[in-house]
*Asks:* 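Before I ask anything, here is the structure I am working with.
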There are 4 protein chains.
Amino acid sequence: MLRINESSPIPIYLQIVEEIRLMILGKTFATDDRLPSIRQIAADLKVNPNTVAKAFQELENRGLIYFRRGQGAFVAKISEEDQKMRIIEDLNRKFGQVIKSAMEMGLGHDEIKKLFEKALISCEIKEGN
Amino acid sequence: MLRINESSPIPIYLQIVEEIRLMILGKTFATDDRLPSIRQIAADLKVNPNTVAKAFQELENRGLIYFRRGQGAFVAKISEEDQKMRIIEDLNRKFGQVIKSAMEMGLGHDEIKKLFEKALISCEIKEGN
Amino acid sequence: MLRINESSPIPIYLQIVEEIRLMILGKTFATDDRLPSIRQIAADLKVNPNTVAKAFQELENRGLIYFRRGQGAFVAKISEEDQKMRIIEDLNRKFGQVIKSAMEMGLGHDEIKKLFEKALISCEIKEGN
Amino acid sequence: MLRINESSPIPIYLQIVEEIRLMILGKTFATDDRLPSIRQIAADLKVNPNTVAKAFQELENRGLIYFRRGQGAFVAKISEEDQKMRIIEDLNRKFGQVIKSAMEMGLGHDEIKKLFEKALISCEIKEGN
DNA sequence: GTGGTCTAGACCACG
DNA sequence: GTGGTCTAGACCACT
């Protein structure tokens with residue numbers, strides 16, 4: 001389920017944090033669902049369990065998951081509005097960065113919009129597969 | 001001119017690479033323009049000259065700049081089409097990532113589009129300042 | 001195993017690159033073999049680890065080695081033909097340079113050949129020891 | 001007449017030294033011939049006069065040239081035998097290096113000889129042009 | 001243990 | 001002045 005990019009400069013544990021964060025916000029996991037075990041994920045990703053453990057700790061620090069001794073990690077409760085807000089803020093920030101860099105490269109409003117729409121369609125096609 | 005984010009997990013030298021790359025693609029610098037000196041940038045950003053040197057070396061490896069001994073670093077020639085192509089590929093990839101994460105969080109086509117347009121407008125307002 | 005020449009005008013890190021390159025092409029190391037660690041080589045050669053790291057980075061750029069996080073550097077895969085081709089090109093270039101300089105010094109075909117053969121034999125004797 | 005390689009790691013002044021050394025040993029210049037002026041060479045190579053001056057100084061240190069105030073640099077006297085010996089030593093050393101690297105890459109006597117002969121012929125063809 | 005990043009600061013080559 | 005190399009040594013990410 002998870003995917004990491006070995007050659008990215010971003011530490012693996014932060015890539016895992018981000019992936020799981022998105023899954024939680026996107027309700028792939030619901031409140032109080034049990035997450036896959038650290039060992040399970042480590043085996044899937046062919047990564048050291050310590051690395052996954054570090055990611056889980058980070059998620060706990062951010063209040064997105066909690067641990068039950070001997071049972072594993074579970075999705076923490078977030079209110080609907082809170083969740084929606086976080087998603088929107090997140091995307092707003094990400095879109096902002098891309099648009100900013102597009103503007104730095106000299107593209108205008110219409111060009112940017114066109115590129116976005118092309119990317120959106122191409123994503124939907126991939127998703128459809 | 002350049003800005004770096006100290007707390008980002010992305011290494012400083014790669015942040016510098018990315019900033020300069022965007023400037024070159026966006027024609028802030030034209031072909032054969034001299035870039036600011038390593039020492040200059042290092043002083044501006046308050047980082048070690050070696051860190052900037054590493055960024056420059058990376059840019060040279062990617063063929064975006066070249067060096068003249070004792071004179072400094074200069075913007076390499078890229079054909080117009082090549083440049084346009086790189087910009088588009090770059091944005092396509094970046095938009096793709098954001099859209100993908102939006103879909104993972106359960107947003108639909110229209111919601112994503114709406115968020116994008118909001119972000120675009122808010123960027124233009126900032127730019128206008 | 002490695003040797004460097006302190007007084008050469010060629011930077012130490014490039015000398016290391018060349019030595020390891022020859023070892024890989026000459027199959028002293030096979031595909032996916034682990035190279036000695038940066039720290040190990042640095043200690044052996046009595047140079048700074050950063051210098052060796054720079055050499056390794058260069059080898060990675062040239063596609064001769066790859067890294068696994070936390071494990072070390074490994075010999076990348078090269079096809080047999082590719083390897084043979086590189087070796088031949090390399091030697092052709094090197095011989096060409098020496099022959100060219102010999103010609104510039106006024107030596108004729110036969111003299112050059114004689115010198116080469118003498119050198120070849122003397123190398124074989126050394127090798128035999 | 002001279003050629004330098006901008007992208008070589010060997011300093012330009014040492015490249016110039018080597019070129020002129022070969023010319024002197026190869027009798028392109030005879031004893032007491034006047035060498036081209038520093039400014040002349042600097043202009044030809046599009047290099048800073050300081051760089052050429054440094055090369056000349058190095059040649060003087062090695063006893064290959066001498067200066068006459070206000071007149072320029074001249075080829076120093078070398079005995080015939082001395083000259084022949086230097087040439088041979090030089091080539092022997094260079095061939096030795098190439099052969100050594102060939103052996104390190106696992107090539108045998110006959111393969112090396114074949115490659116050498118091919119290179120020799122291809123050099124003669126170039127020279128013939 | 002591994003490599004990766006970064007700093008502080010030295011010295012060199014080149015213009 | 002420019003970039004290039006190198007050292008000494010720190011801290012981080014990962015196995």
Side-chain angles (χ1 to χ4, degrees), chain A residues 4 6-16 42 45-55 58, chain B residues 4 6 8-16 34-42 45-58 60 65-74, chain C residues 4 6 8-16 34-42 45-58 60 65-74, chain D residues 4 6-16 42 45-55 58:
Chain A
I4 56 170
E6 280 248 10
S7 57
S8 164
I10 297 175
I12 291 174
Y13 86 97
L14 283 180
Q15 293 186 42
I16 296 171
L45 298 179
K46 283 164 194 160
V47 142
N48 192 293
N50 286 337
T51 306
V52 184
K54 195 163 186 180
E58 179 70 22
Chain B
I4 55 170
E6 288 254 0
S8 162
I10 297 174
I12 294 173
Y13 84 95
L14 283 179
Q15 292 186 42
I16 296 171
R34 220 200 96 199
L35 292 175
S37 80
I38 288 181
R39 286 169 168 93
Q40 180 68 50
I41 293 174
L45 298 178
K46 284 165 193 156
V47 298
N48 190 285
N50 284 336
T51 304
V52 184
K54 195 167 183 182
F56 273 42
Q57 206 170 19
E58 179 69 23
E60 195 199 14
I65 67 173
Y66 62 92
F67 289 96
R68 286 202 212 129
R69 292 201 208 210
Q71 293 180 248
F74 298 79
Chain C
I4 56 169
E6 288 254 0
S8 162
I10 297 175
I12 293 173
Y13 85 95
L14 284 179
Q15 293 185 42
I16 297 171
R34 221 200 96 198
L35 292 174
S37 80
I38 288 181
R39 286 169 167 95
Q40 180 70 49
I41 294 175
L45 298 178
K46 283 162 193 159
V47 299
N48 190 286
N50 283 336
T51 305
V52 183
K54 196 167 182 181
F56 272 43
Q57 205 170 20
E58 179 69 22
E60 195 199 12
I65 66 172
Y66 64 91
F67 290 96
R68 284 202 214 127
R69 292 203 208 207
Q71 294 181 245
F74 297 80
Chain D
I4 56 169
E6 282 246 11
S7 58
S8 162
I10 297 175
I12 291 174
Y13 86 99
L14 283 180
Q15 294 186 40
I16 296 172
L45 297 179
K46 281 163 194 160
V47 143
N48 193 292
N50 287 336
T51 305
V52 183
K54 195 162 186 180
E58 179 70 21

*Asks:* Using the side-chain heavy atoms of B:Ser37, tell me which of these nucleotides is nearest: E:dT7, F:dG3, E:dT2.
*Replies:* F:dG3
*Asks:* Write down the distance between CZ (B:Arg69) and C1' (E:dC14), rounded to a whole number of angstrom.
*Replies:*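 Taking atom C1' of E:dC14 as the reference, CZ of B:Arg69 is at 8 Å.
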*Asks:* Is the distance from OP1 or OP2 of F:dT5 to the nearest side-chain N or O of C:Lys54 less than 4.0 Å?
*Replies:* yes
*Asks:* Without decimals, in angstroms, what is the distance between D:Ile16 CD1 and E:dA13 P?
*Replies:* 14 Å
*Asks:* Sort out the partner of E:dC14 for me: Watson-Crick or G-U wobble, both distances under 3.5 Å, none otherwise.
*Replies:*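 Partner of E:dC14: F:dG1.
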*Asks:* Report yes if a side-chain nitrogen or oxygen of C:Tyr13 is closer than 4.0 Å to either non-bridging phosphate oxygen (OP1 or OP2) of F:dC6; otherwise report no.
*Replies:* no
*Asks:* Where the side chain of B:Arg34 is defined as all heavy atoms beyond and including C-beta, which of E:dC6, F:dT2, F:dT15 is the nearest nucleotide?
*Replies:*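 Nearest listed nucleotide: F:dT2.
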*Asks:* Base, sugar-phosphate or nothing for B:Arg39? Non-hydrogen atoms, less than 4.0 Å.
*Replies:*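 The answer is base, as B:Arg39 lies within the cut-off (heavy atoms under 4.0 Å) of a base atom.
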*Asks:* Whole Å only: how far is the CD1 atom of A:Ile4 from the P atom of F:dC14?
*Replies:*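 The distance from CD1 of A:Ile4 to P of F:dC14 comes to 10 Å, rounded to the nearest Å.
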*Asks:* If I take atom CZ in residue C:Phe67 and atom P in nucleotide E:dT5, what distance separates them, rounded to the nearest angstrom?
*Replies:*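 The distance from CZ of C:Phe67 to P of E:dT5 comes to 10 Å, rounded to the nearest Å.
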*Asks:* On DNA chain E, does the nearest nucleotide to C:Gln40 precede the nearest nucleotide to B:Lys46 from the 5' side, or the other way round? Give the residue.
*Replies:*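 Closer to the 5' end of DNA chain E: C:Gln40.
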*Asks:* Heavy-atom distance under 4.5 Å between the side chains of D:Leu45 and D:Ile12, does that happen here?
*Replies:* no
*Asks:* For a quick test of reading the model, state the closest non-hydrogen atom pair linking C:Ala73 to C:Ile65 and the distance between them.
*Replies:* CB-CD1, 4.1 Å
*Asks:* Under 4.0 Å: is that the gap between some side-chain N or O of C:Thr51 and OP1 or OP2 of F:dC6?
*Replies:*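 No.
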*Asks:* As a test of reading the structure: which of F:dG4, E:dG4, E:dC14 is closest to the side chain of B:Ile38, going by heavy atoms?
*Replies:* F:dG4
*Asks:* Does C:Asn50 make a side-chain donor-acceptor contact with the base of F:dG9, cut-off 3.5 Å?
*Replies:*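 Answer yes: a donor N or O sits under 3.5 Å from an acceptor.
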*Asks:* What is the distance, to the nearest angstrom, from the CZ atom on B:Arg68 to the P atom on F:dG3?
*Replies:*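 It is 13 Å, rounded to the nearest whole Å.
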*Asks:* When you measure from the side chain of B:Glu58 to the backbone of B:Leu14, do you find a donor-acceptor pair of N or O atoms at a distance under 3.5 Å?
*Replies:* no
*Asks:* When you get a sec, tell me which of E:dG4, F:dC6, E:dC14 is the closest nucleotide to the side chain of C:Pro11?
*Replies:*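 The answer is F:dC6.
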